[in-house]
Amino acid sequence: AQSVAQPEDQVNVAEGNPLTVKCTYSVSGNPYLFWYVQYPNRGLQFLLKYITGDNLVKGSYGFEAEFNKSQTSFHLKKPSALVSDSALYFCAVRDRGNNNAGNMLTFGGGTRLMVKP
Amino acid sequence: DTAVSQTPKYLVTQMGNDKSIKCEQNLGHDTMYWYKQDSKKFLKIMFSYNNKELIINETVPNRFSPKSPDKAHLNLHINSLELGDSAVYFCASSQDRYTIYFGEGSWLTVV
């Protein structure tokens, strides 16, 4: 079984400071890892993904995430936070398999990011 | 143009009623999903269809029945609604193994 843990319910950061939203995962094989963002009363928007290759993945809105296999982590980072980054962030994992339709995303519980001016 | 669209966005209904949420994707994807987000924001998959064929059916009450008339549509019908069904329901689609695209969500409130 696959699982994702986001240990922080909320992360507070001042505008202009770097931010990190933590994510650890558990999967039987090699993972596909994802970050999604949800703004209030909106759907989930794809931010970035790790499939293979470089451990540092760059995504939308200046976000990046680093895949660390030994620590089974995929923390989301941004060098300089904006107030508009305030939202709910979800980490997700998908086990590698042969069948696209048979795979599914398992989400973490979400972390609310609050960026204060 | 909205890639994955679902209607209605908001739905308030009484216990015992039957309701449907419709979903359409214009991305040409082969696979569509329904996810449920509960009051604590926890997201969990309910169903997955590939080319109109049910692939994933997680532990969901039989009152929930997905229907896929074609690969661009995956509707969710709910019978005998209960208070605990109140949640946000997200439709999604994907083509490859990598990225799933979500709709804007349907906020269901059962009173």
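Computation of the quantities below employed the complete heavy-atom set of this structure, encompassing side-chain atoms and omitting hydrogens, waters and symmetry-equivalent molecules. A, B, ... follow the sequence lines: proteins, then strands. Residue 1 opens every chain.
- A salt bridge between A/K116 and A/E15 is absent, with no side-chain N of the basic residue lying under 4.0 Å from a carboxylate O of the acidic one.
- Looking at B/K9, only its side chain comes within 4.5 Å of chain A, counting heavy atoms on both sides.
- The only option from A/Y50, A/Y32, A/W35 that meets the ring-ring contact (aromatic ring centres under 6.0 Å, His included) definition with A/F67 turns out to be A/Y50.
- A/K78 forms a cation-pi arrangement with A/F63, by the criterion of a distance under 6.0 Å to the ring centre and an angle within 45° of the ring axis.
- Proximity to chain A is limited to the side chain of B/Q37, based on heavy atoms less than 4.5 angstrom apart.
- The part of B/Y10 that comes within reach of chain A is its side chain, from C-beta onward, which places non-hydrogen atoms under 4.5 angstrom from that chain.
- In summary, the aromatic rings of B/F47 and B/F64 are positioned with their centroids too far apart to meet the 6.0 Å limit.
- Contacts of A/Q38 with chain B are made by side-chain atoms alone, with heavy-atom separations under 4.5 Å and no backbone atom involved.
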